[in-house]
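One structure is given below, encoded as structure tokens.
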Amino acid sequence: MPQATVHLLRHGEVHNPDGVLYGRLPEFHLSELGQEMARTLAEHFRQRAESGARITYLAASPLDRAQETARPTSDALHLQIHTEERIIEAKNYFEGMKVTKAELRRPKHWPRLVNPLRPSWGEPYKQQAARVMEAVQEARLRAIELADGDFGTEGPEAIMVSHQLPIWATRLSAEGKPLWHDPRKRECTLTSITSLVFDDDGALVRVTYSEPAASLLPGAATTPGA
């Protein structure tokens with residue numbers, strides 16, 4: 001089987017005027033800026049396809065913001081959006097809350113803060129990385145299958161629209177780094193692309209990172225989903 005690449009694309013900016021940690025809650029949609037980010041990424045992938053990239057598979061988390069980010073790329077590349085549950089946002093105890101220092105000082109939350117290595121407030125990092133990588137490997141095989149022998153300039157490619165924390169946990173795991181981290185130091189901006197490149201045998205060769213919509217980041221909301 002040929003070398004293949006799976007791009008983990010973080011969704012665009014979310015309309016979240018109250019600044020809550022929205023996690024897996026429904027009805028959190030892209031803002032106008034987020035929609036522009038999604039269109040910018042679609043144009044990025046369209047240009048790559050015109051230059052010979054063979055992008056054959058597109059998937060997105062079931063959450064609104066991921067589906068909406070995928071839609072312009074679906075239109076640009078004429079690809080169906082496959083809904084992939086395994087790349088959904090991480091579970092988080094603080095979902096729906098505005099997480100401030102004052103809120104975290106409330107005694108009722110303390111049992112959830114005892115183990116940041118796991119973390120104790122949500123889905124374990126190892127579990128996130130495992131489920132996403134499982135989905136990535138299936139997307140890799142699907143991209144190869146759908147290429148039907150036409151592998152383009154760099155081998156078949158898949159795009160998966162996911163969320164910051166699952167993407168970051170997967171990248172750390174792929175690079176053999178500790179999964180515990182400072183959330184403020186994640187290299188995974190809105191509509192950034194974390195690309196996992198695999199060899200003919202499905203072994204990870206390298207991880208690359210890019211920000212095609214970097215010009216739209218200044219002034220964008222920084223509240224994470226989880």
Out of curiosity, does [Y] fall in the hydrophobic cluster containing [X] (side-chain heavy atoms, cut-off under 4.5 Å, transitive links)?
X: Val207; Y: Trp168; value: no
X: Leu79; Y: Met160; value: no
X: Val161; Y: Ile55; value: yes
X: Leu113; Y: Leu165; value: yes
X: Leu196; Y: Ile193; value: no

Would you say [atom1] of [X] has more than 12 non-hydrogen atoms from neighbouring residues, nucleotides or ligands within 6.0 angstrom?
X: Asp182; atom1: CG; answer: yes
X: Glu32; atom1: CD; answer: no
X: Glu154; atom1: CD; answer: no
X: His15; atom1: NE2; answer: no

Pairing of [X] and [Y] as salt bridge, 4.0 angstrom limit:
X: Glu43; Y: Arg39; value: no
X: Arg65; Y: Glu68; value: no
X: Glu138; Y: Arg142; value: no

Non-neighbouring partners of [X] that pass salt bridge (charged side-chain N to carboxylate O under 4.0 Å, His left out), sequence neighbours left out:
X: Glu157; answer: Arg48
X: Glu123; answer: Arg24, Arg131
X: Asp18; answer: none

Hey, does [Y] have a side-chain heavy atom less than 4.5 Å from the side chain of [X]?
X: Arg186; Y: His181; answer: yes
X: His109; Y: Tyr93; answer: yes
X: Pro156; Y: Leu146; answer: no
X: His11; Y: Leu190; answer: yes

Can you name the nearest heavy-atom pair linking [X] to [Y], along with the distance?
X: Leu77; Y: Ala49; value: CD2-CB, 3.9 Å
X: Asp64; Y: Pro26; value: OD2-C, 3.9 Å
X: Leu41; Y: Ala213; value: CD2-CB, 3.7 Å
X: Arg10; Y: Cys188; value: NH1-O, 2.9 Å
X: Pro124; Y: Pro119; value: CA-CD, 4.0 Å
X: Arg46; Y: Ala76; value: CB-CB, 4.2 Å

(message) Quick test of your reading: applying side chain to side chain donor-acceptor pair (under 3.5 Å), list the pairs with at least one residue in residues 71-80, sequence neighbours left out, ordered by first then second residue.
(response)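 Every pair satisfying side chain to side chain donor-acceptor pair (under 3.5 Å) with a residue in residues 71-80: there are none.
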
(message) With rounding to the nearest 0.5 angstrom, report the CD to CD1 distance, Gln3 to Ile144.
(response) 10.0 Å

(request) Would you please name every residue forming a side chain to side chain contact (heavy atoms under 4.5 Å, CB included) with Asn115, sequence neighbours left out? (result)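 Asn115 satisfies side chain to side chain contact (heavy atoms under 4.5 Å, CB included) with Leu117, Arg118, Ser120 once adjacent residues are dropped.
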
(request) Please list, chain by chain and in numerical order, all residues satisfying side chain to side chain contact (heavy atoms under 4.5 Å, CB included) with Thr222, sequence neighbours excluded. (result)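 Thr222 satisfies side chain to side chain contact (heavy atoms under 4.5 Å, CB included) with no residue once adjacent residues are dropped.
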
(request) May I have the step-by-step check of side-chain contact (heavy atoms from CB on, under 4.5 Å) for Trp180 and Leu172, ending in yes or no? (result) CA-CA 9 Å; Trp180 180 83; Leu172 291 176; over 6 Å; no

(message) Is the positively charged end of Arg140 above the ring of Phe198, judged by distance under 6.0 angstrom from the centroid and angle within 45° of the axis?
(response)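 Satisfied, under 6.0 Å and within 45°.
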
